[in-house]
2 protein chains.
Amino acid sequence: MSEDTLGGVDGLRDRTRRAVRADLAERAMVLFRERGFDETTVDDIARAAGMSKRSFFRYFATKEDAVLGLVDELGERVVEDIRARPADEPPWECLRQVLRQSEERIRTSADALRLIESTPALRAAHHGKRDQTRALIATALRDRPGSTLAPFAADLLATAAGAALDAAAREWLRTGGTADRAHLLDQAFAALRPKLA
Amino acid sequence: MSEDTLGGVDGLRDRTRRAVRADLAERAMVLFRERGFDETTVDDIARAAGMSKRSFFRYFATKEDAVLGLVDELGERVVEDIRARPADEPPWECLRQVLRQSEERIRTSADALRLIESTPALRAAHHGKRDQTRALIATALRDRPGSTLAPFAADLLATAAGAALDAAAREWLRTGGTADRAHLLDQAFAALRPKLA
DNA sequence: CCTCTGTGTGTCACTCGGTGTCGACTTCGG
DNA sequence: CCGAAGTCGACACCGAGTGACACACAGAGG
């Protein structure tokens with residue numbers, strides 16, 4: 001188990017695991033689209049992928065994660081991205097840039113977002129992940145060199161940014177997925193720009 | 001069952017039902033404080049109140065509702081309050097006033113809020129209820145006489161107001177429940193005031 | 001070749017949240 | 001007094017998620 005006992009430098013184990021995860025997520029999405037989230041059991045998904053229910057839970061902690069798994073991995077990157085921005089950039093502009101990058105990485109199809117938006121259990125799980133990220137973002141903002149942000153201010157900034165992201169996503173859905181996501185996000189950020197005392 | 005077939009004008013059935021609900025919620029909170037939310041089963045709560053698990057679910061749709069039941073009833077009032085405000089009041093100021101009223105109605109103790117904030121399942125459920133309310137608020141804003149708000153703008157306003165409320169609540173928790181909730185809310189609202197194009 | 005070990009898997013049994021159903025009991029109205 | 005409606009307990013059931021155990025299949029080393 002000395003890290004390179006197997007195949008490639010990248011770790012063969014990790015790659016196959018990733019592949020199985022992706023396959024599982026894809027098959028799950030097909031079933032969810034066909035029959036709806038609540039009407040699809042974990043056993044259905046597992047059987048469709050040729051494995052047992054137990055094994056499904058070795059790849060995803062919850063049923064919701066089969067949909068949200070990829071989405072919230074982006075959240076972890078956001079924190080790194082913040083640290084990578086120039087230190088003298090105003091916090092709000094920093095958040096806008098970072099979230100634009102994040103949006104571009106998202107290649108989530110409209111109906112995946114629609115599924116999330118229309119399924120209470122998925123919306124709840126999504127919000128949960130987002131909440132964790134928000135807390136991380138707030139501390140990341142305060143940790144920037146030269147930052148004088150109070151906890152309240154940092155929290156408010158991170159929360160407002162999340163609000164902008166949410167409202168933009170919903171507007172995008174309202175347009176049937178035709179509008180420019182980045183433009184909507186800019187509009188929301190421009191409208192909200194906080195005035196910190 | 002013509003509304004006054006029973007006892008008082010208020011309906012005896014409703015009153016007893018409300019009383020049982022309140023008792024149940026109170027006993028649930030005690031157990032949650034003692035052992036934590038996840039470590040307390042619905043059966044524990046039901047037995048503590050001298051009833052069966054089945055009957056618990058005749059009073060609360062979910063376990064979470066035993067904690068959140070009262071909190072989110074306030075959400076329904078918010079929509080009515082919006083319609084009661086003067087029609088020429090700017091939307092953001094309208095939201096601020098309405099949410100201040102709502103805050104005053106909340107007499108939730110600090111540790112109840114802390115329980116919600118520290119329990120993922122409760123936070124998720126809380127957000128879920130809030131989401132529903134947010135949608136209602138957005139349409140209520142657009143329905144105000146003389147309103148020219150686009151759906152996107154109304155959504156953004158409602159979402160931003162929710163963000164202000166959240167950030168203020170967390171700051172209040174950070175101060176250990178000593179700060180002035182209304183003042184924190186005003187600060188958050190002042191910082192965010194949206195500039196609609 | 002054989003064994004040891006790590007990893008992935010299936011199976012089984014279990015807990016717990018939540019629902020459907022049925023039968024007993026009460027309360028109220030006619 | 002009879003019937004409608006509401007409440008409740010008991011029981012069976014479903015699905016998400018977990019823990020335990022056994023098994024299979026690598027690769028490593030003797």
Side-chain angles (χ1 to χ4, degrees), chain A residues 1-25 28 31-32 35-69 119-122 124-125 128, chain B residues 1-25 28 31-32 35-69 119-122 124-125 128:
Chain A
M1 143 158 241
S2 58
E3 160 66 38
D4 50 4
T5 48
L6 287 172
V9 256
D10 196 17
L12 173 114
R13 285 279 182 338
D14 283 357
R15 268 182 300 152
T16 62
R17 180 174 174 81
R18 248 183 266 276
V20 174
R21 251 181 84 102
D23 178 62
L24 216 36
L31 291 176
F32 292 158
R35 304 157 30 185
F37 183 81
D38 292 323
E39 288 70 31
T40 306
T41 72
V42 171
D43 207 73
D44 291 336
I45 305 169
R47 289 308 166 193
M51 61 174 64
S52 71
K53 175 181 133 188
R54 192 65 184 87
S55 286
F56 173 93
F57 285 110
R58 288 178 177 123
Y59 286 94
F60 295 103
T62 68
K63 184 169 133 182
E64 288 81 10
D65 276 12
V67 184
L68 301 176
T119 308
L122 284 174
Chain B
M1 102 164 270
S2 58
E3 159 67 35
D4 50 4
T5 47
L6 287 171
V9 250
D10 198 16
L12 173 110
R13 288 244 155 44
D14 283 356
R15 268 182 299 153
T16 61
R17 180 175 174 80
R18 249 183 263 275
V20 175
R21 251 181 86 100
D23 178 61
L24 215 36
L31 291 176
F32 292 157
R35 306 191 232 158
F37 183 81
D38 293 323
E39 289 69 33
T40 306
T41 71
V42 171
D43 208 73
D44 291 336
I45 305 169
R47 289 306 164 194
M51 62 175 66
S52 70
K53 176 182 126 185
R54 192 66 186 90
S55 286
F56 172 92
F57 285 110
R58 288 180 175 121
Y59 287 94
F60 295 103
T62 68
K63 186 169 128 179
E64 288 82 11
D65 276 13
V67 183
L68 301 175
T119 308
L122 285 173

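Reminder, nothing fancy here: chain letters follow the sequence lines and each chain counts from 1.
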Just how far, in rounded Å, is [atom2] of [N] from [atom1] of [X]?
X: B:F60; N: C:dT19; atom1: CZ; atom2: P; answer: 14 Å
X: B:R18; N: D:dT7; atom1: CZ; atom2: P; answer: 13 Å
X: B:I45; N: C:dG18; atom1: CD1; atom2: C1'; answer: 13 Å
X: A:D38; N: C:dT19; atom1: CG; atom2: P; answer: 11 Å
X: A:R17; N: D:dA26; atom1: CZ; atom2: P; answer: 19 Å
X: B:F37; N: C:dG17; atom1: CZ; atom2: C1'; answer: 10 Å
X: A:L122; N: D:dA16; atom1: CG; atom2: C1'; answer: 14 Å
X: B:L31; N: C:dC16; atom1: CG; atom2: P; answer: 14 Å

Practice item. Mind checking the CE-CG spacing from B:M51 to B:L24? Nearest 0.5 Å is all I need. Key: 5.0 Å
Check your understanding: How long is the gap from CZ on A:F56 to CG on A:D44, to the nearest 0.5 Å?
Key -> 11.0 Å
Base, sugar-phosphate alone, or nothing: which one does [X] contact when heavy atoms must sit under 4.0 Å apart?
X: A:S52; value: base
X: A:R21; value: nothing
X: B:T40; value: sugar-phosphate

Check your understanding: Which pairs with one or both residues in residues 48-64 of chain A pass salt bridge (charged side-chain N to carboxylate O under 4.0 Å, His left out), sequence neighbours excluded?
Key -> none
Revision key, fill the gap. Applying ring pair (Phe, Tyr, Trp, His ring centres under 6.0 Å) to B:F57 and not counting sequence neighbours gives none
Exercise for review: Quick one: list whatever passes ring pair (Phe, Tyr, Trp, His ring centres under 6.0 Å) with A:Y59, sequence neighbours left out.
Suggested key: none
Point to revise | A:D38: partners by side-chain hydrogen bond (donor to acceptor under 3.5 Å, both in side chains), with sequence neighbours left out | key: none
Practice item. Please name all residues satisfying side-chain hydrogen bond (donor to acceptor under 3.5 Å, both in side chains) with B:R47, sequence neighbours left out, ordered by chain then number. Key: none
For nucleotides 17-19 of chain D, give me every protein contact, N/O to N/O, under 3.5 Å, one pair per line with atom names.
from	atom 1	to	atom 2	distance (Å)
D:dG17	OP2	A:K63	N	2.8
D:dG17	N7	A:K53	NZ	3.2
D:dG17	O6	A:K53	NZ	3.1
D:dG19	N7	A:R54	NE	3.3
D:dG19	N7	A:R54	NH2	3.0
D:dG19	O6	A:R54	NE	2.9

**Study point:** N or O in side chain of A:Y59 less than 4.0 angstrom from C:dG8 OP1/OP2
**Key:** no
Review point. Does OP1 or OP2 of C:dG10 have a side-chain N or O of A:S55 closer than 4.0 Å?
Key: yes
